[in-house]
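Everything on this sheet refers to the single structure shown next.
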There are 2 protein chains.
Amino acid sequence: MTRPYHHGDLRAALLAAAEEIVNRNSVAGLTLRGVAREVGASHAAPKNHFDDLTGLVSELAAVGFNRFADAMQSASARHEDPQDKLNAIGRAYVEFALAEPGLFQLMFRGERLDKTRPALHEAMLRAFGTLTGSVAATHEGDPDAARATRAHAARAWSMVHGFAILLLDDRLNPLLDAGSPRADALALLDDMLAMG
Amino acid sequence: MTRPYHHGDLRAALLAAAEEIVNRNSVAGLTLRGVAREVGASHAAPKNHFDDLTGLVSELAAVGFNRFADAMQSASARHEDPQDKLNAIGRAYVEFALAEPGLFQLMFRGERLDKTRPALHEAMLRAFGTLTGSVAATHEGDPDAARATRAHAARAWSMVHGFAILLLDDRLNPLLDAGSPRADALALLDDMLAMG
DNA sequence: AGCATTAAATTGACAGCGTCAACATTGACG
DNA sequence: CGTCAATGTTGACGCTGTCAATTTAATGCT
């Protein structure tokens, strides 16, 4: 089995290797040469498929945002009431961050993200659109709802995002049960969502 | 306190240069060799004062967290009512992030932070203690307040932190006035805080 | 078919980075 | 005055991203 000069689908292999590395070593350990090494390609091979490190990170972030949007939409679809849908999206938001912490942090590392890349731009619109759209659905029929809807969306989004970030960074520990902080976190989130 | 011989106080000069670089080039442009170059020292000079890059970043983060705590305490002191104090702290949280975005992002970049460093550990306790303490003050006299207080603290903290992070990352733009997003952001925050 | 063009992958080089070890200089203290 | 620890410098190593030049494979054209 001699290795052919041209890999069958190097682009997909590089993306898979990149995700595996991020899951193992966190985002700091993600390197162009590292992913190339992982798939047995030369150190400059990624240049052909992604222009540079920003390109690779951005394309992987696009994959992540699409999976993220899927998770939120699927959670929302399990409920009928608009408020239940919104709460389910909030839980899915945090659960995604806990399930794929490396990928989640990569998706929100602004400095190495080129948001003008079509794949990433579209995936971000999809993910954030489901969240803000679900908020808007709870304001149906409100008169002059624009301002309240905007504040509601910003509040819900900020809350779950901040919670996820602080959680991944081990900063909420003083508020969590020392015994099982991870399990306790989702119970705490439910309390937060129940406050309205 | 022994004083260095050639540069006067190289440690302070390095910290100042580091902050200046972070303010100019964001956290990605902060390098050990860069700060050494800035103050005219050799490339390995920082090793004597901070062990490695993590050390420099952590000490700078400690400076930031102390300034952060000062800002929140000073904002809180301008009000009497516990709820007003808490809202003022929330505004100060976001205003600090907007005023020193590079430093703020450095303070929350977990991977290059050694939270066991005494200076950083203490500064973080101070900053987060003012916030959670101010939340607890709004629950004085409540029966069975422990659980509600915990959820309230997590919610308030997550909300302002998520808002600050999303704002710095230009992710709230779809919710902001395209004309003056910066000024609009604080108005939006007030609406969020007013929701309770 | 055969040739030309393009895409894909490799090799080699360069500068910048963090970090370590070895060495030099200084100020403090006995 | 002499020793010593602290502070700075120099040089080296391997790692990284990125570029230019080159080789190889696939594809298209006539």
Please report the distance, rounded to the nearest Å, between [atom1] in [X] and [atom2] in [N].
X: N48(B); N: dA21(C); atom1: CG; atom2: P; value: 14 Å
X: L10(B); N: dT9(D); atom1: CG; atom2: C1'; value: 12 Å
X: H49(A); N: dT6(C); atom1: NE2; atom2: C1'; value: 14 Å
X: E38(A); N: dT16(D); atom1: CD; atom2: P; value: 12 Å
X: R11(A); N: dA7(C); atom1: CZ; atom2: C1'; value: 15 Å

Task: Donor-acceptor pair, side chain of N25(A) and main chain of I21(A), under 3.5 angstrom - done: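 Side chain of N25(A) to backbone of I21(A): no pair is present.
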Task: From CA spacing to verdict: side chain to side chain contact (heavy atoms under 4.5 Å, CB included), M124(A), M107(A) - done: CA-CA 9 Å; M124(A) 281 173 49; M107(A) 286 157 53; over 6 Å; no
- [ ] Give, for atom CE of M192(B) and atom CH2 of W157(A), the distance between the pair rounded to the nearest 0.5 Å.
- [x]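 CH2 of W157(A) is found 11.5 Å from CE of M192(B).
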Task: Candidate pair F163(B) and L188(B), rule side chain to side chain contact (heavy atoms under 4.5 Å, CB included), full reasoning - done: CA-CA 10 Å; F163(B) 188 73; L188(B) 175 55; 4.0 Å; yes
Open item on the list: Less than 6.0 angstrom separating the ring centers of F108(A) and F65(A), yes or no?
Closed with: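 F108(A) vs F65(A): aromatic centres under 6.0 Å.
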- [ ] Dump the intermediate steps for side chain to side chain contact (heavy atoms under 4.5 Å, CB included) on E59(A) and R11(A), then the final yes or no.
- [x] CA-CA 10 Å; E59(A) 294 300 315; R11(A) 193 195 137 95; 3.2 Å; yes
Task: Nucleotide-resolved protein contact map, nucleotides 13-20 of chain C, B/S/- at heavy-atom distance under 4.0 Å - done: B---SBBB
